[in-house]
Amino acid sequence: SLLQLKLWNKYRVSNIPSLIFIDASTGKVVCRNGLLVIRDDPEGLEFPWGPKPFSEVVAGPLLRNNGQTLDSSALEGSHVGVYFSAHWCPPCRSLTRVLVESYRKIKEAGQKFEILFVSADRSEDSFKQYFSEMPWVAVPYADEARRSRLNRLYGIQGIPTLIVLDSKGDVITRQGRVEVLNDIECHEFPWHPKPVLELTDSNAVQLNEGPCLVLFVDSEDDGESEAAKQLIQPIAEKIIAKYKAKEEEA
């Protein structure tokens with residue numbers, strides 16, 4: 001029915017079963033990843049399962065691939081890419097190669113940036129092998145509870161996923177993978193979402209995120225695509241501002 005379709009679209013459900021918790025008084029999503037919640041907290045001790053700040057969820061020791069440990073408080077004041085990935089997944093491995101270069105470029109440009117690897121590897125050995133290629137920090141593989149809490153916090157439904165946070169720990173974009181692949185030189189870092197995008201192979205995944213307006217223009221004529229952009233930019237900005245005022249994702 002139309003109502004069912006509206007609910008699927010509103011909550012961006014892309015696979016089932018999906019369990020989403022909502023605060024009835026405000027209608028806001030409390031937690032997207034209810035299935036993980038009831039698996040990890042069958043007694044309901046953490047009810048009402050609302051979002052916790054990143055700094056609280058990540059709290060504890062982190063690793064470098066040379067065996068050195070540091071406290072998660074070292075991330076404070078930096079932009080952070082939370083990187084959900086695993087060695088068994090080929091798209092993850094190819095993204096990691098690009099990400100290593102991006103990380104280097106951003107650091108060399110003097111930006112405060114750290115990446116936190118949250119592994120979905122199937123064994124400690126494959127985690128170690130994969131992590132040995134990464135110049136950033138990771139949640140220890142043995143700390144399954146903390147890895148799961150981070151998955152829950154961001155409602156991760158597939159890998160690779162790169163979530164980019166600002167220095168306060170708030171989400172800038174959930175589409176870090178698309179941004180990194182579209183901006184090899186990292187000129188746009190930290191990748192604040194643009195109201196209007198040019199459709200490409202790598203960002204087409206966003207068509208699954210919710211209702212989209214797609215405007216077709218004659219690509220031979222450069223002036224035409226620029227004029228089209230000018231036409232829809234203010235409309236897009238207005239819609240985004242409306243959602244921002246309601247503290248909802250556009």
Side-chain angles (χ1 to χ4, degrees), residues 12 28-33 50-59 62 72-85 92 95-96 98-118 134-139 149-200 202-210 212 233 236-250:
R12 301 204 310 279
K28 283 190 184 159
V29 172
V30 173
C31 168
R32 287 195 174 281
N33 226 338
K52 295 185 168 72
F54 169 70
S55 58
E56 190 181 315
V57 176
V58 79
L62 303 174
S72 57
S73 59
L75 300 175
E76 284 167 22
S78 292
H79 284 80
V80 177
V82 190
Y83 183 38
F84 298 85
S85 186
C92 293
L95 179 61
T96 297
V98 177
L99 202 48
V100 167
E101 285 305 302
S102 302
Y103 178 75
R104 191 177 55 76
K105 284 173 188 159
I106 292 165
K107 300 282 267 193
E108 280 174 2
Q111 302 265 19
K112 294 189 83 175
F113 182 52
E114 195 48 77
I115 293 177
L116 173 67
F117 172 40
V118 184
M134 301 180 184
W136 44 74
V137 298
V139 176
R149 281 198 299 274
L150 284 159
N151 271 278
R152 268 163 44 195
L153 179 63
Y154 298 115
I156 301 303
Q157 293 191 331
I159 55 172
T161 293
L162 178 67
I163 310 262
V164 182
L165 310 178
D166 66 16
S167 54
K168 298 198 295 289
D170 295 327
V171 174
I172 292 176
T173 178
R174 301 176 58 85
Q175 301 290 345
R177 175 193 185 182
V178 172
E179 297 293 354
V180 163
L181 296 175
N182 273 351
D183 180 24
I184 295 298
E185 292 305 317
C186 307
H187 293 316
E188 307 279 332
F189 176 81
W191 303 301
H192 287 279
K194 293 190 186 71
V196 180
L197 291 175
E198 195 163 315
L199 193 57
T200 63
S202 55
N203 68 26
V205 63
Q206 295 184 72
L207 295 171
N208 298 326
E209 293 279 304
C212 296
Q233 181 89 13
E237 283 171 0
K238 206 159 133 187
I239 292 169
I240 286 170
K242 190 181 85 177
Y243 279 99
K244 210 166 188 166
K246 291 198 286 190
E247 290 179 14
E248 283 180 15
E249 276 187 65

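What you see below is based on every heavy atom in this structure, not just the backbone, and it leaves out hydrogens, waters and symmetry mates.
In this structure, I163 CD1 and T173 OG1 are separated by 8.0 Å, a value rounded to the nearest 0.5 Å. Atom OG of S72 sits about 11.0 Å away from atom CD of E56, to the nearest 0.5 Å. Here the CZ-CZ distance, from F54 to R149, works out to 12.5 Å after rounding to the nearest 0.5 Å. Interatomic distance, L116 CG to L150 CG, rounded to the nearest 0.5 Å: 6.5 Å. Atoms CG and CG, on L99 and L162 in that order, are 5.5 Å from each other to the nearest 0.5 Å.
Taking all atoms of both residues into account, the shortest heavy-atom contact from F117 to S85 is CE1-O, 3.4 Å. Scanning both residues, I159 and F84, for their nearest heavy atoms gives CG2-O, 3.5 Å. Contact between D183 and F189 at its shortest, heavy atoms only, is OD2-N, 3.9 Å. Across all non-hydrogen atoms, the minimal contact from L199 to L207 is CD1-CD1, 4.3 Å. Contact between P160 and L95 at its shortest, heavy atoms only, is CB-CD2, 3.7 Å. When every heavy atom of A236 is checked against every heavy atom of V196, the shortest pair comes out as CB-CG2, 4.0 Å.
Shown here are the salt bridge (charged side-chain N to carboxylate O under 4.0 Å, His left out) partners of K244, two or more places apart in sequence or in another chain: there are none. Taking the side-chain hydrogen bond (donor to acceptor under 3.5 Å, both in side chains) definition, one finds that Q111 meets it with nothing, sequence neighbours left out. For E188, the salt bridge (charged side-chain N to carboxylate O under 4.0 Å, His left out) partners two or more places apart in sequence, or in a different chain, are K194. For the salt bridge (charged side-chain N to carboxylate O under 4.0 Å, His left out) test, no residue two or more places apart in sequence or in another chain qualifies with K112.
The salt bridge (Lys or Arg N to Asp or Glu O under 4.0 Å) analysis of residues 160-172, with sequence neighbours excluded, yields no pairs.
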Side-chain donor-acceptor pairs of residues 100-109 under 3.5 Å, sequence neighbours excluded:
residue : atom : partner : partner atom : Å
E101    : OE1  : R104    : NE           : 3.4
E101    : OE1  : R104    : NH2          : 2.5
S102    : OG   : V98     : O            : 3.2
Y103    : OH   : E114    : OE1          : 3.3
Y103    : OH   : E114    : OE2          : 2.8
R104    : NH1  : E108    : OE1          : 3.3
R104    : NH1  : E108    : OE2          : 3.2
K105    : NZ   : I184    : O            : 3.2
K107    : NZ   : F113    : O            : 3.0

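In this structure the side chain of L181 never reaches within 4.5 angstrom of the side chain of T200, judged on heavy atoms.
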Exercise for review: Assess whether side-chain contact (heavy atoms from CB on, under 4.5 Å) is satisfied between V139 and L62, documenting all intermediate values.
Suggested key: CA-CA 5 Å; V139 176; L62 303 174; 4.3 Å; yes

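A donor-acceptor contact shorter than 3.5 Å links the side chain of R174 to the backbone of Y154.
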